[in-house]
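Only a predicted model underlies this, so the values are computations on that prediction, with no experimental measurement involved.
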Amino acid sequence: MVDFIPRVAARVWLSLLASQQLLLFNAMNMTSPTTQFAPTRRMGIYEPFHQMSVWEDAFRGDIMPSADACMISQPNDRPDDKSGYTSGEQHIPSGSGDNQAPRSTSDKVQRRLAQNREAARKSRMRKKAYVQQLETSRLKLAQLELELERARQQGLYMLGTNSNMGLLGTINPGIAAFEMEYSHWVEEQQKKNAELRSILQSPVSDMELQLLVDNVLSHYFNLFRMKADAAKADVFYLISGMWRTSVERFFHWIGGFKPSELINVVMPQLEPLTDQQIIKVCNLRHCCQQAEDALTQGMDKLQQTLAQSILNMTTGAGSYTSQMVSSMENLEALESFVNQADHLRQQTLQQMSITLTTRQAARGLLAFGEYLQRLRALSSLWAARPREPT
């Protein structure tokens, strides 16, 4: 192997020398100076490399590459390596770009998933709050139904106009609202009675006392307005007096107290009165009694007419439809009676406040308020009285 390499090298050098001689001979035969110079450039620069490539192709299959052969082919390998290196550098950014596109797509998917999770979380929170609100409303409704059932068992009228008597009747919303407002009205009346009692015991001006008197009168007028709304919902409820206590119902008259009763209660608390005041109060009481008698006679007449209409239905006299319409008209007249009775009560309070002085009017309102309060207290004592077991 050692002897073979020198022989190959010698053969290469001999080939080079022969090639140079042949080129020199051809150059000498040329006549043009330009053509003589051109082969020289080709001989010195291009041809040696060309011949070396030819020799390498010729001997590549016969001999193994040696260290010298690697050194000869190195100038050609460097551009290849460099181009390969450059192409590798160019390939890396393209690879990173290809990876960046899936990465951006993956980021979009992740953001969308995060948004979906957030929307689902908020939806669950809204659903939970809604369920809690429904549960709270259900508990309040159950508590209200329990209170209404307890009140119904105690004898309060909580049935609608279209329901039958019994525990399964429907509740009239207008009447239920009136009962709630009336309970607040009673609490407010107790506070106003305490204010009247306190201000009458202290030295105050008539102006301050008049403001309180007007406030108490407005409180009573507010009750008449509430009753007018309740009469539209169920007039029989007001006439029956189920919204008042048991002892108050004993003195009940067409949805409330009698105006003459008001005068009889407050007269002992108004003394001393002047002669003119006594005359005016007595005339007012007389007028109230006349109006009360007229309204009472009207109510009696209405009851007789209604009973006759129902009797005609049973005996078959006349058309059933016409008799039913007539009976409905008679029932609608009850609302007018209640409104006229409340109007008489309101006029009585106003006339009394005009006839009396400011301090007398305050004492009269306090006396009447305490009278109603004692009736309610007596009703509570009567309901809580001990009973013998049956």
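- Of all heavy-atom pairs between Ala362 and Leu200, the closest is CB-CD2, 3.9 Å.
- Checked by atom type and distance alone, the side chain of Arg385 pairs as donor or acceptor with a backbone atom of Trp382 at under 3.5 Å.
- Salt bridge Arg225/Asp229: present, at least one basic N to carboxylate O contact under 4.0 Å.
- Between Ala231 and Leu238, the shortest heavy-atom distance links the atoms N-CD1, 3.5 Å.
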Review point. For Val338 and Asp342, what are the C-alpha separation, side-chain angles and deciding distance, and is it a side chain to side chain contact (heavy atoms under 4.5 Å, CB included)?
Key: CA-CA 6 Å; Val338 173; Asp342 282 340; 4.1 Å; yes
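- Counting all heavy atoms, side chain and backbone alike, Gly174 lies closest to Ala233 at CA-CB, 4.0 Å.
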Next item on the list: Kindly determine whether Gln340 and Ser336 satisfy side chain to side chain donor-acceptor pair (under 3.5 Å), including the steps that lead there.
Entry: CA-CA 6 Å; Gln340 291 180 16; Ser336 176; 3.3 Å; yes
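- Residue Gln269 comes nearest to Arg363 through the heavy atom pair O-NE, 3.1 Å, listed as atom of the first residue, atom of the second, then distance.
- Residues Cys288 and Leu284 form a side-chain contact, since some pair of their non-hydrogen atoms from C-beta on lies under 4.5 Å apart.
- When all heavy atoms are compared, the tightest approach of Ala361 to Leu356 is N-CB, 4.0 Å.
- A donor and an acceptor atom, one from each side chain of His184 and Glu188, are nowhere located under 3.5 Å apart.
- Side-chain N or O atoms of Ser379 include one that pairs as donor or acceptor with a backbone N or O of Val247 at under 3.5 Å.
- How far CD1 of Ile354 is from NZ of Lys280: 9.0 Å, rounded to the nearest 0.5 Å.
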Exercise. Go through the steps to decide whether Gln308 and Thr305 satisfy the test side chain to side chain donor-acceptor pair (under 3.5 Å), and finish with yes or no.
Key: CA-CA 5 Å; Gln308 187 64 36; Thr305 304; over 6 Å; no
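- Side-chain contact of Thr136 with Gln132: a donor-acceptor pair under 3.5 Å is absent, judged by distance alone.
- Cluster annotation: Leu262 and Phe250 are assigned to the same hydrophobic cluster (Ile/Leu/Val/Met/Phe/Trp/Tyr, side-chain heavy-atom contacts under 4.5 Å, transitive).
- For His219, the ring-ring contact (aromatic ring centres under 6.0 Å, His included) criterion is met by Trp185, not counting sequence neighbours.
- Side-chain contact, Tyr371 with Glu261: a donor N or O sits under 3.5 Å from an acceptor N or O.
- Put simply, the side chain of His252 does not reach to within 4.5 Å of the side chain of Ile239, judged on heavy atoms.
- The side chain to side chain contact (heavy atoms under 4.5 Å, CB included) test with Leu334 singles out one residue from Asn339, Val235, Leu306, Ile254, and that residue is Val235.
- Counting only heavy atoms from C-beta outward, the side chains of Leu273 and Met267 approach each other to under 4.5 Å.
- No side-chain donor-acceptor contact under 3.5 Å links Asp234 to the backbone of Ala230.
- Annotation: side chain of Arg112 is not in contact with side chain of Arg117 (no heavy-atom distance under 4.5 Å).
- A side-chain N or O of Gln210 and one of Thr358 form a donor-acceptor pair less than 3.5 Å apart.
- Side chain of Ser240 to main chain of Phe236: a donor-acceptor pair is present (N/O by atom type, distance under 3.5 Å, no hydrogens or angles).
- We find the OG-CG distance between Ser198 and Asn193 to be 12.5 Å, quoted to the nearest 0.5 Å.
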Could you check Gln360 against Gln277 for side chain to side chain donor-acceptor pair (under 3.5 Å), going step by step and ending with a plain yes or no?
-> CA-CA 11 Å; Gln360 288 174 342; Gln277 286 179 334; 3.2 Å; yes
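- Side-chain N/O atoms of Trp253 and Thr296 include a donor and acceptor closer than 3.5 Å.
- Ile199 has its side chain out of reach of Glu195: every pair of non-hydrogen atoms, C-beta onward, lies at least 4.5 Å apart.
- Looking at heavy atoms from C-beta onward, Ile278 lies in side-chain contact with Cys282 at the 4.5 angstrom threshold.
- Every residue two or more places apart in sequence or in another chain that forms a ring-ring contact (aromatic ring centres under 6.0 Å, His included) with Phe368 is listed here: Phe257.
- Of the possible polar contacts, one joining the Ser137 side chain to the Gln133 backbone as a donor-acceptor pair under 3.5 Å is found.
- A donor-acceptor pair is defined here as one N or O able to donate and one able to accept, closer than 3.5 Å; no such pair exists between the side chain of Gln289 and the backbone of His286.
- Contact of the Asn215 side chain with the Leu211 side chain is not registered, since no non-hydrogen atoms from C-beta on lie closer than 4.5 Å.
- The shortest heavy-atom contact between Leu196 and Leu366 is CD1-N, 3.9 Å.
- Residues Glu248 and Arg376 are paired through a salt bridge, judged by an N-O separation under 4.0 Å between the basic side chain and the carboxylate.
- Side-chain contact check for Gln350 and Tyr220: no donor-acceptor pair (N or O, by modelled atom type) lies under 3.5 Å.
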ask   = Between Met226 and Asn222, does a side chain to side chain contact (heavy atoms under 4.5 Å, CB included) hold up when you go through it step by step?
value = CA-CA 6 Å; Met226 292 162 47; Asn222 188 29; 4.1 Å; yes
